[in-house]
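Contents: one structure, followed by commentary.
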Amino acid sequence: MAELRRMAERYRTPIGVLVVLALIGLGFAALEHLTQEIRFADVRAALHGLSAGKIALALLATAGSYLALTFYDVLALRTIGRPLPWRTAALASFTSYTLSHNLGLALLTGGSARYRIYTAAGLDGPDVARIVTIASGTFWAGVISVTGVALLLHPGALDLAGLRLSATQVRFAGWGWSR
């Protein structure tokens with residue numbers, strides 16, 4: 001076991017590079033599979049069908065969303081008693097959410113980004129783990145709450161993956177989710 005540990009430490013960088021290259025390869029394979037039914041002409045037509053106002057509104061909403069996400073990290077930093085300047089929390093949050101939303105594997109991609117930024121700012125590994133846990137928990141609590149409210153406000157029945165929920169079932173689910 002000690003020999004295996006020494007080899008892993010000795011070849012840490014090449015192993016890391018191979019893992020990253022393998023993940024990139026898997027990502028490109030997944031993109032190839034997912035985009036087989038998408039045609040560039042269809043995407044171009046859909047984009048040309050949008051008004052400049054709708055595109056600007058979408059960009060504004062995206063910027064507002066990422067701004068709001070920074071406050072999860074600010075809250076987490078204050079909760080663990082290690083407040084940092086907003087710009088540091090914003091950089092860590094924006095970087096981690098951008099990577100995890102676009103590449104997936106949130107703990108690996110977003111967690112790594114947060115780890116690099118927060119350790120450079122003087123925090124240790126356990127602090128970063130607490131930040132990731134608190135930020136993730138508050139993010140998902142928000143998603144669940146918004147889902148509950150959306151279900152409560154949804155008019156009528158709802159079709160979900162071949163399952164039809166009556167208006168009463170939708171309201172009941174919304175009430176349960178928003179609790």
Side-chain angles (χ1 to χ4, degrees), residues 5 8-40 42-44 46-47 50 52 54-150 161 177:
R5 193 173 299 151
E9 188 60 37
R10 182 176 177 194
Y11 296 107
R12 181 179 180 184
T13 300
I15 290 170
V17 169
L18 287 174
V19 168
V20 168
L21 290 174
L23 289 173
I24 290 171
L26 286 171
F28 279 119
L31 277 174
E32 171 65 25
H33 178 72
L34 291 171
T35 59
Q36 285 179 348
E37 295 180 18
I38 298 173
R39 305 287 174 253
F40 181 71
D42 297 337
V43 173
R44 189 176 59 222
L47 283 175
L50 295 174
K54 284 185 179 180
I55 293 172
L57 186 60
L59 291 173
L60 185 63
T62 301
S65 174
Y66 277 98
L67 175 66
L69 287 173
T70 66
F71 294 106
Y72 289 122
D73 280 49
V74 170
L75 174 67
L77 286 162
R78 289 189 179 164
T79 300
I80 68 167
R82 302 290 306 265
L84 291 174
W86 178 81
R87 69 178 180 273
T88 304
L91 176 64
S93 175
F94 178 80
T95 305
S96 69
Y97 282 116
T98 300
L99 289 171
S100 63
H101 287 168
N102 290 294
L103 299 177
L105 304 170
L107 288 177
L108 180 64
T109 56
S112 297
R114 277 190 174 106
Y115 182 80
R116 289 185 65 85
I117 293 167
Y118 286 138
T119 56
L123 275 64
D124 59 9
D127 284 338
V128 177
R130 285 190 284 276
I131 292 166
V132 168
T133 301
I134 294 167
S136 297
T138 52
F139 172 80
W140 283 107
V143 168
I144 290 168
S145 297
V146 169
T147 301
V149 170
W177 278 96

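We number each residue from 1, following the sequence as shown. Side chains included, hydrogens not; waters and symmetry mates left out as well; all remaining heavy atoms used.
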- Drop me the distance from Asp42's CG to Ile38's CD1, to the nearest 0.5 angstrom. 9.0 Å
- Query: Could you state the interatomic distance from CG (Leu75) to OG1 (Thr70), rounded to the nearest 0.5 Å?
  - Reply: 11.0 Å
- Nearest-0.5 Å distance, CG of residue Leu50 to CD1 of residue Ile55: 5.0 Å
- Message: Nearest 0.5 Å, please: how far is OG1 in Thr133 from CD1 in Ile80?
- Response: 10.0 Å
- Query: So, does Arg82 use its side chain to make a donor-acceptor pair with the main chain of Thr79 at under 3.5 Å?
  - Reply: no
- Could you tell me whether a side-chain N or O of Ser93 sits under 3.5 Å from a main-chain N or O of Ala89, the two making a donor and an acceptor? no
- Message: Under the criterion side-chain contact (heavy atoms from CB on, under 4.5 Å), I'd like the reasoning laid out for Val132 against Tyr115: C-alpha separation, chi angles, the key distance, then a yes or no.
- Response: CA-CA 9 Å; Val132 168; Tyr115 182 80; over 6 Å; no
- Between the CZ atom in Arg10 and the CD1 atom in Ile15, the distance rounded to the nearest 0.5 Å is 11.0 Å
- Please confirm whether the backbone N or O of Ala135 pairs with a side-chain atom of Thr138, one donor and one acceptor, at under 3.5 Å? yes
- Given the rule in the side-chain contact (heavy atoms from CB on, under 4.5 Å) test, do Ile131 and Leu123 qualify, once you have shown the distances and angles that lead to the verdict? CA-CA 10 Å; Ile131 292 166; Leu123 275 64; 3.4 Å; yes
- Message: Let me confirm one number: the CZ-CG distance from Arg116 to Leu91, rounded to the nearest 0.5 Å.
- Response: 11.5 Å
- Item | Geometric class of the His101/Phe139 ring pair [parallel <30°, tilted 30-60°, perpendicular >60°] | tilted
- Are the side chain of Ser145 and the backbone of Ala141 linked by a donor-acceptor contact shorter than 3.5 Å? yes
- Residues Asp73, Tyr97; criterion side-chain contact (heavy atoms from CB on, under 4.5 Å); working and verdict: CA-CA 11 Å; Asp73 280 49; Tyr97 282 116; 4.3 Å; yes
- Item | Thr95 (side chain) donor-acceptor with Ala92 (main chain) under 3.5 angstrom | no
- Message: Counting only heavy atoms from other residues, nucleotides and ligands, does the tally under 6.0 Å from CD of Glu37 exceed 12?
- Response: no
- Query: Which heavy-atom pair separates Gly110 from Ser96 by the least distance, and what is that distance?
  - Reply: O-CB, 3.2 Å
